[in-house]
Student: 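Below is the structure I would like to discuss, written out as structure tokens.
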Protein chains: 2
Amino acid sequence: MQNGSASALRTRGERKSTPERRQEIVRAAAKTFGTKGYQKGSLIEIASQVGMTHAGVLHHFGSKEALLIAVLEYRDEEDLELLANREMPVGMDLFWHLTRTALANTQREGIVQTYAAITGESVTEDHPARSFVISRFSALRRYIEDALRIVCGPDLPEDVCTHAATSIIGVMDGIQLQWLLDKESVDLPEATRFALEAILVAAMAGKDRARPLSEV
Amino acid sequence: MQNGSASALRTRGERKSTPERRQEIVRAAAKTFGTKGYQKGSLIEIASQVGMTHAGVLHHFGSKEALLIAVLEYRDEEDLELLANREMPVGMDLFWHLTRTALANTQREGIVQTYAAITGESVTEDHPARSFVISRFSALRRYIEDALRIVCGPDLPEDVCTHAATSIIGVMDGIQLQWLLDKESVDLPEATRFALEAILVAAMAGKDRARPLSEV
DNA sequence: GTCTATATCGTGATAGAC
DNA sequence: GTCTATCACGATATAGAC
């Protein structure tokens, strides 16, 4: 019960310890990069949100680019924590999870906005988030393909599987984008649910259509 | 047959006339905004592509923002000219057109890139393209909804119609984005065809499901 | 760990010569 | 119609005081 060593006392003083400070900064950066974009979002604006000057921010991260990477990693970490066991659901559970995510996203506009702004910018030349976004998409496609194979069975043709996975990611991102720009005209969760079901049904049908005659 | 007045001669001299020069600049700007984005794409880079200084560009357009608007209008104009009669197809023809567009887009990466970069950036605060993109999406949704009503008949429920239209635009944009970032992993025309068919079929099914029992 | 001060750079825009 | 020159501004990053 004794309240600890000198080092424990040190980290509990009124001065914020470094990991906490870093997280504060990352959160502010995510907000700024979301509203202004990476190019236009300045270190000065980020710093002012946490009561610092931009030199202070650079002390923790070294460069603006490193801060962006930290934001991207933090966002993925945050997504993982939405899941009870911190790992991606498998099979049909994945599609339920995606549907629930679309619903949850209506209540966390900031995160959606950050994701959309950075992803959108990443198509430009030499953008620091580019390779990160590419591998994120790639990993996501693989997850969804695996889930599709479980749901549709082993007869699912490879090309149908890939196209369906690409379509699912695409439609979720695309609907989010329209929703961000015009929330009154777009029903994010319902449109997403409709599209996911449509694509799932088409994948199942693709499986049936491609089944070799010998097996029928 | 006589080759014209003094004014006609004047516009044919070795010096470029203003409308031609404007178009050259707009094309260069579209390219630069596509590769670098609007914020990072500089007037200096645009000007150098047409053999001018940035002051020359500003002489024609007054401001960088006005140049962006010109690019957006030019891009829409260009899209219209892909159509034989310069007007959007109606009914099932629209969906054939969208499928053909996805195929054609693999051969005009620059245009797709420009569209994606500007649309992606437009979600940020006070972006000059924002209202343009919003009304573009809105008009597109209306077109597609009209076509869906023609294809599916008047029984198509309103919400299914809207969700399908939103999904179609979303999935086309979303697949394009993945394709731009990773062309080897994404088959743009085939994935688009798959998704469009899936959504169309689902809309038809939605119509059937919602048909009042009294009509069956 | 945060600040002030500064170096260095690039930008969009304006004014005026040619 | 295009150029040169310049202005005013804001950015990232560094150096060194506290």
Side-chain angles (χ1 to χ4, degrees), chain A residues 6-7 9-29 32-33 35-71 117 121 124-129, chain B residues 7 9-29 32-33 35-71 117-118 121 124-129:
Chain A
S7 87
L9 276 175
R10 212 185 305 130
T11 61
R12 286 184 203 148
E14 64 283 351
R15 289 248 164 252
K16 298 279 176 62
S17 67
T18 300
E20 284 169 359
R21 212 74 174 110
R22 276 182 62 103
Q23 203 191 49
E24 276 184 82
I25 297 169
V26 167
R27 267 200 271 257
T32 292
F33 291 157
T35 53
K36 304 290 181 64
Y38 171 71
Q39 301 288 353
K40 197 169 187 198
S42 71
L43 293 176
I44 296 172
E45 175 173 341
I46 293 164
S48 83
Q49 286 179 69
V50 295
M52 274 204 241
T53 63
H54 74 283
V57 171
L58 284 172
H59 167 74
H60 288 282
F61 291 92
S63 75
K64 186 186 182 183
E65 193 167 319
L67 177 55
L68 174 63
I69 301 302
V71 167
E121 244 181 339
T124 59
E125 223 170 42
D126 299 324
H127 194 285
Chain B
S7 87
L9 276 174
R10 212 184 307 129
T11 62
R12 285 186 202 147
E14 64 283 351
R15 291 248 162 251
K16 299 280 176 63
S17 67
T18 301
E20 285 168 358
R21 212 74 175 111
R22 277 183 61 103
Q23 205 192 48
E24 277 184 81
I25 297 169
V26 167
R27 267 199 271 255
T32 293
F33 291 156
T35 53
K36 304 290 181 65
Y38 171 72
Q39 301 288 353
K40 195 168 188 199
S42 72
L43 293 177
I44 295 172
E45 175 174 341
I46 293 165
S48 83
Q49 287 179 68
V50 295
M52 272 205 245
T53 61
H54 77 284
V57 171
L58 284 172
H59 167 74
H60 288 282
F61 292 92
S63 75
K64 187 185 183 185
E65 192 168 321
L67 178 55
L68 174 63
I69 301 301
V71 167
I118 295 176
E121 245 181 339
T124 59
E125 224 169 44
D126 299 323
H127 194 284

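To find a chain, count down the sequence lines: A is the first, B the second, and so on, and within it residues start at 1.
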Student: Could you tell me the separation between the CD1 atom of B/I25 and the C1' atom of D/dG1, rounded to a whole number of Å?
Tutor: 10 Å
Student: Please round to the nearest 0.5 Å and tell me the distance separating atom CD1 of A/I25 and atom CZ of A/R27.
Tutor: 11.5 Å
Student: Take atom CD of A/E65 and atom C1' of D/dA13, then tell me their distance rounded to the nearest Å.
Tutor: 13 Å
Student: Round to a whole Å and report the spacing from CG of A/L67 to P of D/dA13.
Tutor: 10 Å
Student: Could you point out which residue of A/T53, A/L43, A/L67 forms a side-chain contact (heavy atoms from CB on, under 4.5 Å) with A/L58?
Tutor: A/L43
Student: Of all residues at least two apart in sequence or in a different chain, which pass the side chain to side chain donor-acceptor pair (under 3.5 Å) check with A/K64?
Tutor: none
Student: To the nearest Å, how far apart are B/H60 NE2 and D/dT2 C1'?
Tutor: 8 Å
Student: Can you check the A/M52 CE to C/dC3 C1' distance for me, whole Å?
Tutor: 11 Å
Student: Measure CZ/B/F61 against C1'/C/dA13 and give the value in whole Å, please.
Tutor: 16 Å
Student: For D/dT2 and B/T53 - does any side-chain N or O of the residue sit under 4.0 Å from the phosphate oxygens OP1/OP2?
Tutor: no
Student: Output all residues satisfying salt bridge (charged side-chain N to carboxylate O under 4.0 Å, His left out) with B/R21, sequence neighbours left out; order by chain, then residue number.
Tutor: B/E24
Student: At a cut-off of 3.5 Å, list every protein nitrogen or oxygen paired with a nitrogen or oxygen from nucleotides 5-12 of chain C, distance to 0.1 Å.
Tutor:
unit_1: C/dT11; atom_1: OP1; unit_2: B/S42; atom_2: OG; d: 3.4
unit_1: C/dG12; atom_1: OP1; unit_2: B/K64; atom_2: NZ; d: 2.9
unit_1: C/dG12; atom_1: OP2; unit_2: B/L43; atom_2: N; d: 3.1

Student: To the nearest 0.5 Å, what is the distance between NZ (A/K40) and CG (B/D126)?
Tutor: 7.0 Å
Student: Nearest 0.5 Å please: distance from the CG atom of B/L68 over to the NE2 atom of B/H127.
Tutor: 6.5 Å
